[in-house]
Amino acid sequence: MEADETARSSFVWRLVPLAPILLLALVVGAFVSGGSSVVDLIGKNPPPPDVFDIQRVEFDPGQIRIRVRNPQPEELTIASVTVDDAIVPFTLDGPATLKRLRASTIVVDYDWVENDPIGVGVTSSTGIETVSEVPAAIETPSATARGFFGYAVIGFFVGVVPIALGLLWLPSLRRADPKWLAAFMALTGGLLSFLAIESLSEAFALQAQLPGALGGSGLVLLGVALSALGMTFLSSRLARGRAGTAGLGLALLVAIGIGVHNLGEGLAIGTSFAFGELQLGTFLIVGFMIHNITEGLGIAAPATEARRVSFLQLAALTLIAGGPAILGAWIGGYASNDVLGVLFFGAAAGAALQVVVEVGRFVARRAPGGLRSGWVIGGYLAGILAMYVTGLFIG
């Protein structure tokens with residue numbers, strides 16, 4: 001009996017730390033249910049406009065498909081649809097009245113002309129119209145084996161090939177003076193710092209285009225936190241191994257950080273082709289290929305600490321860093337999603353920043369003169385400059 005009472009007492013005390021969280025949940029719930037009366041004491045916000053969020057406009061032969069979502073707290077009803085300011089008949093693949101954050105697809109039978117600009121509008125039952133302008137109507141690619149292969153080839157040339165070419169610097173780095181090696185390690189930190197800031201910029205730019213209900217920097221922060229914590233966990237596991245976070249362990253972290261970023265690059269390319277922006281997509285391919293060769297150098301620098309690196313290990317690092325560009329191209333081409341784009345770029349920033357910390361620790365321990373060395377400072381700035389200059393090819 002005493003043992004049972006002790007066990008119950010121990011279980012109760014384990015629940016005590018949860019009491020503040022449970023009480024907070026009750027207080028928040030009470031405020032949400034009756035807090036409007038408190039807010040009314042201060043003032044009232046004007047109601048939001050009854051506009052839709054047009055997520056995507058797709059073109060099939062003789063047909064236009066418009067994907068819309070309701071970003072407002074109140075229900076919105078699709079009342080009418082216009083194409084080039086003319087009201088057109090339509091059918092719905094989904095409900096006409098949309099609750100908060102619900103979506104529906106509007107199907108319009110319309111003989112659109114290829115490469116001509118088209119403006120589509122969706123009017124709510126309150127008479128407010130949401131308009132989306134399409135610069136040039138292009139048939140939306142369907143999911144076919146040919147298309148999947150095409151996106152895979154694009155991702156391969158954008159992600160895998162440049163990184164593999166960058167890894168060819170590994171033999172030269174092995175023969176480099178320790179000061180030069182420290183400079184190249186710092187260059188890796190500069191490369192990743194640039195990628196982190198670039199990814200954050202892309203994430204915030206995409207987030208700004210989201211409706212208020214889905215926008216907010218919290219979505220970016222979620223992606224950053226998830227990837228940074230995941231990379232920290234992986235780093236701690238590697239640190240328990242024989243090599244720690246030096247050599248191949250650090251090269252693996254760098255490859256993962258670059259891989260998450262390349263996922264976003266593939267997403268951008270796939271989305272541009274899916275929306276018919278062929279010239280932009282081709283320009284991004286060439287720009288990213290030039291841009292990514294420096295990423296291979298960033299992986300090669302820490303790999304020089306390993307006594308021996310096999311061909312299979314190099315191939316694995318190449319696929320980890322470059323392969324996600326293929327996956328990103330598939331997602332962008334066939335399942336483009338604005339929320340996923342924000343999360344991907346946020347995750348890329350978090351992963352890159354965490355690896356910068358690991359590279360900094362490594363340089364501080366191993367480099368002659370530590371982080372204050374002129375070679376280290378010069379290498380770090382050179383990494384940022386290299387990414388900036390190659391980034392000019394992307395535009």
Side-chain angles (χ1 to χ4, degrees), residues 47-142 202-216 219 267-268 270-278 280-281 331-345:
D50 296 332
V51 295
F52 290 99
D53 171 33
I54 298 180
Q55 295 180 277
R56 186 166 181 148
V57 180
E58 299 179 344
F59 295 91
D60 294 324
Q63 190 178 83
I64 302 175
R65 299 175 65 87
I66 309 166
R67 179 76 171 174
V68 298
R69 178 172 55 197
N70 174 20
Q72 311 301 340
E74 304 298 330
E75 292 183 349
L76 282 182
T77 300
I78 300 171
S80 63
V81 179
T82 62
V83 177
D84 288 339
D85 298 325
I87 297 178
V88 293
F90 65 93
T91 57
L92 289 171
D93 184 3
T97 300
L98 303 178
K99 295 182 179 179
R100 180 178 174 85
L101 300 182
R102 299 294 182 180
S104 190
T105 300
I106 301 169
V107 182
V108 179
D109 291 328
Y110 190 87
D111 291 327
W112 51 273
V113 179
E114 188 173 6
N115 294 324
D116 276 6
I118 283 184
V120 298
V122 181
T123 304
S124 65
S125 55
T126 57
I128 298 179
E129 185 181 28
T130 307
V131 178
S132 176
E133 299 290 341
V134 180
I138 297 291
E139 183 177 351
T140 303
S142 58
E202 291 285 351
F204 281 119
L206 291 174
Q207 169 261 319
Q209 299 174 13
L210 293 177
L214 290 176
L219 189 60
L267 186 71
T271 302
S272 65
F273 279 111
F275 283 94
E277 299 177 4
L278 306 186
L280 173 61
I331 295 174
Y334 297 118
S336 180
N337 185 287
D338 43 12
V339 175
L340 282 181
V342 174
L343 284 174
F344 285 163
F345 280 109

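For the numbers below, each heavy atom of this structure counts, side chains included, while hydrogens, waters and symmetry mates do not.
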Point to revise | Sub-4.5 Å side-chain heavy-atom contact between Ile138 and Glu114 | key: yes
Check your understanding: What's the shortest heavy-atom distance between Pro89 and Val108, and which atoms?
Key -> O-CG1, 3.8 Å
Check your understanding: Taking atom CD of Glu74 as the centre, does the number of heavy atoms from other residues, nucleotides or ligands within less than 6.0 Å exceed 12?
Key -> no
Point to revise | Test item: Thr123 and Ile128 side chains (from C-beta on) under 4.5 Å apart, heavy atoms | key: no
Check your understanding: So, the side chain of Asn70 versus the backbone of Leu98: is there a donor-acceptor pair under 3.5 Å, distance only?
Key -> yes
Review point. Any idea which heavy atoms bring Arg69 and Gln55 closest together, and the distance?
Key: NH1-NE2, 3.1 Å
Point to revise | Side-chain touch Glu133/Pro117, heavy atoms, less than 4.5 angstrom | key: no
Practice item. Drop me the distance from Phe52's CZ to Ile106's CD1, to the nearest 0.5 angstrom. Key: 7.0 Å
**Study point:** Shortest non-hydrogen contact from Ile78 toward Pro95
**Key:** CD1-O, 4.5 Å
Exercise for review: Identify the heavy atoms of Leu101 and Pro71 that sit nearest to each other, and give their distance.
Suggested key: CD2-CA, 4.4 Å
**Study point:** Test side chain to side chain donor-acceptor pair (under 3.5 Å) applied to Thr77 - qualifying residues, sequence neighbours left out
**Key:** Thr97
Check your understanding: Does any non-hydrogen side-chain atom of Asp93 lie less than 4.5 Å from one of Arg65?
Key -> yes
Practice item. Compare every heavy atom of Trp112 with every heavy atom of Gln63, then report the nearest pair and how far apart it is. Key: O-NE1, 3.3 Å
**Study point:** Distance-minimising heavy-atom pair for Val51 and Leu76
**Key:** O-CD1, 3.4 Å
Check your understanding: Does the side chain of Ile118 come within less than 4.5 Å of Phe59's, by heavy atoms?
Key -> yes
Review point. With sequence neighbours left out, what residues match Thr82 under side chain to side chain donor-acceptor pair (under 3.5 Å)?
Key: Glu129
Review point. When rounded to the nearest 0.5 angstrom, what is the spacing between CZ in Arg56 and CD1 in Ile66?
Key: 13.5 Å
Revision key, fill the gap. Rounding to 0.5 Å, atoms OG (Ser132) and CZ (Arg67) come to a distance of 15.0 Å
Check your understanding: Is it the case that more than 12 heavy atoms not belonging to Ile87 sit under 6.0 Å from its CD1 atom?
Key -> no
Check your understanding: Partners of Ser124 by side chain to side chain donor-acceptor pair (under 3.5 Å), sequence neighbours excluded?
Key -> Thr126
Check your understanding: How many angstroms lie between CD in Glu139 and CG in Asp60, if you round to the nearest 0.5 Å?
Key -> 6.5 Å
Review point. Do Tyr110 and Asp84 come within less than 4.5 Å of each other through their side chains, counting heavy atoms only?
Key: yes
Review point. Side-chain contact, heavy-atom cut-off 4.5 Å: Ile64 with Val57?
Key: yes
